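Here is the structure we will look at, set down as structure tokens.
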Amino acid sequence: MSTNLKVSAALVAAFAAVVAAILILGQSDSGSSADGGAAGGAQVVREDSHRLGEPGAGDVTLVEFLDFECESCASVYPFVEQLREDYAGQVTFVARYMPMPGHPNAENAAVAVEAAAQQGEFEAMYQRMYETQEQWSHREESQAAVFRGFAADLGLDLASYDEDVADPATLERVLSDRDDGLALGVEGTPTFFLNGEKLEATTTDEFIERIEAALDE
């Protein structure tokens with residue numbers, strides 16, 4: 001199955017840097033099963049997992065465990081957006097929260113995105129976080145006010161947004177994704193799963209080849 005996907009040299013370099021960072025972290029295989037499950041009841045995809053765009057017509061699903069404050073996640077974000085464009089209608093893309101230790105506003109960012117999701121604006125806030133990451137990331141002070149500004153820019157009901165941000169259930173929703181990730185062996189971000197199996201590719205071409213192979217099965 002052919003694709004018109006064209007990846008720039010800068011994007012290839014960014015992807016290579018992401019792979020190197022993940023290898024340094026020493027991620028290990030999680031032993032997840034083909035149906036997306038793992039010991040302890042963890043799942044790669046759940047009913048309430050956030051889908052990006054419309055689901056694909058087939059049974060190919062690409063899941064990313066991500067951290068909005070992670071520079072590697074921001075670097076690979078354009079590549080994921082390109083994949084979404086080229087495989088629209090074929091592949092289901094799923095984003096799951098994985099706020100990592102050492103990122104002071106990773107949880108706050110995820111909570112803000114989840115609060116936006118309660119008003120049907122998950123994808124818009126997801127994109128805003130990556131597009132503005134350099135403005136707010138790696139600051140010790142809370143960036144909650146910045147994220148609220150994003151919500152205002154998106155036209156969200158701010159009273160409802162504030163209520164959802166303060167609701168413990170919103171953070172619990174974020175942490176439920178993280179708990180699944182930890183149980184599945186996710187040790188760094190971004191980590192991808194293709195049809196329930198951890199996808200460990202060293203180049204963009206290999207990444208695409210794995211998707212193509214899954215589509216051809």
Side-chain angles (χ1 to χ4, degrees), residues 3-25 27 44-45 49-56 61-88 90-100 102-114 116-117 121-139 143 146-147 150-151 153-154 174 177-178 181 186-194 198-208 210-211:
T3 175
N4 293 324
L5 184 64
K6 295 182 179 178
V7 184
S8 69
L11 198 52
V12 171
F15 187 86
V18 170
V19 170
I22 291 173
L23 291 175
I24 290 171
L25 285 168
Q27 288 189 7
V44 175
V45 182
S49 294
H50 294 298
R51 276 71 174 174
L52 294 169
E54 295 298 319
T61 299
L62 182 69
V63 179
E64 179 185 3
F65 282 86
L66 56 86
D67 176 334
F68 293 111
E69 199 166 2
C70 164
E71 293 175 350
S72 294
C73 293
S75 293
V76 82
Y77 164 71
F79 176 63
V80 174
E81 290 295 284
Q82 186 66 61
L83 290 175
R84 289 181 57 204
E85 179 179 337
D86 290 326
Y87 291 103
Q90 301 177 72
V91 176
T92 298
F93 293 85
V94 177
R96 302 199 66 183
Y97 306 115
M98 192 71 191
M100 301 296 290
H103 290 168
N105 281 282
E107 273 191 14
N108 283 345
V111 165
V113 174
E114 182 58 25
E121 294 293 346
F122 171 84
E123 186 169 340
M125 188 67 101
Y126 156 94
Q127 293 173 331
R128 183 64 63 90
M129 288 296 177
Y130 283 135
E131 291 165 358
T132 64
Q133 189 193 75
E134 291 184 359
Q135 301 173 23
W136 58 264
S137 65
H138 303 295
R139 289 166 170 77
Q143 298 296 296
V146 174
F147 303 150
F150 297 163
D153 291 343
L154 293 174
V174 169
D177 272 10
R178 187 190 66 183
V186 175
E187 297 178 358
T189 54
T191 293
F192 293 91
F193 288 81
L194 182 62
K198 189 179 290 185
L199 198 168
E200 296 181 339
T202 57
T203 66
T204 52
D205 285 345
E206 184 182 354
F207 200 106
I208 293 163
R210 295 284 297 279
I211 293 175

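This one's a predicted model, so the numbers in the text were calculated from it and none came from an experiment. Any value given below was found using the heavy atoms of this structure, including those in side chains, with hydrogens, waters and symmetry copies removed.
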Who pairs with Arg178 by salt bridge (charged side-chain N to carboxylate O under 4.0 Å, His left out), at least two apart in sequence or on another chain? Glu107
Excluding sequence neighbours, so at least two apart, what forms side chain to side chain contact (heavy atoms under 4.5 Å, CB included) with Ala74? Tyr130, Gln133
At what distance, to the nearest 0.5 angstrom, does OG of Ser72 lie from CE of Met100? 11.0 Å
Are any non-hydrogen side-chain atoms of Phe150 and Trp136 less than 4.5 angstrom apart? yes
Determine whether Gln143 and Asn108 make a side-chain contact, defined as any pair of heavy atoms from C-beta on separated by less than 4.5 Å. no
Hits for side chain to side chain donor-acceptor pair (under 3.5 Å) against Thr61, two or more places apart or cross-chain, chain-then-number order -> none
Just so I know, are the side chains of Phe122 and Arg51 near enough to count as touching, which here means a heavy-atom distance under 4.5 Å? no
Glu206: salt bridge (charged side-chain N to carboxylate O under 4.0 Å, His left out) partners, not counting sequence neighbours: none
Set of residues satisfying side chain to side chain donor-acceptor pair (under 3.5 Å) with respect to Arg139, sequence neighbours excluded: none
Report the C-alpha separation of Glu123 and His50 in whole Å, then their side-chain angles, then the decisive distance to 0.1 Å, and conclude whether the side chain to side chain donor-acceptor pair (under 3.5 Å) test is met. CA-CA 9 Å; Glu123 186 169 340; His50 294 298; over 6 Å; no
Report yes if the side chains of Glu64 and Leu52 come closer than 4.5 Å at any heavy-atom pair, otherwise no. no
Residues which pass side chain to side chain contact (heavy atoms under 4.5 Å, CB included) with Ala116, listed by chain and number, not counting sequence neighbours: Glu121, Met125, Leu156
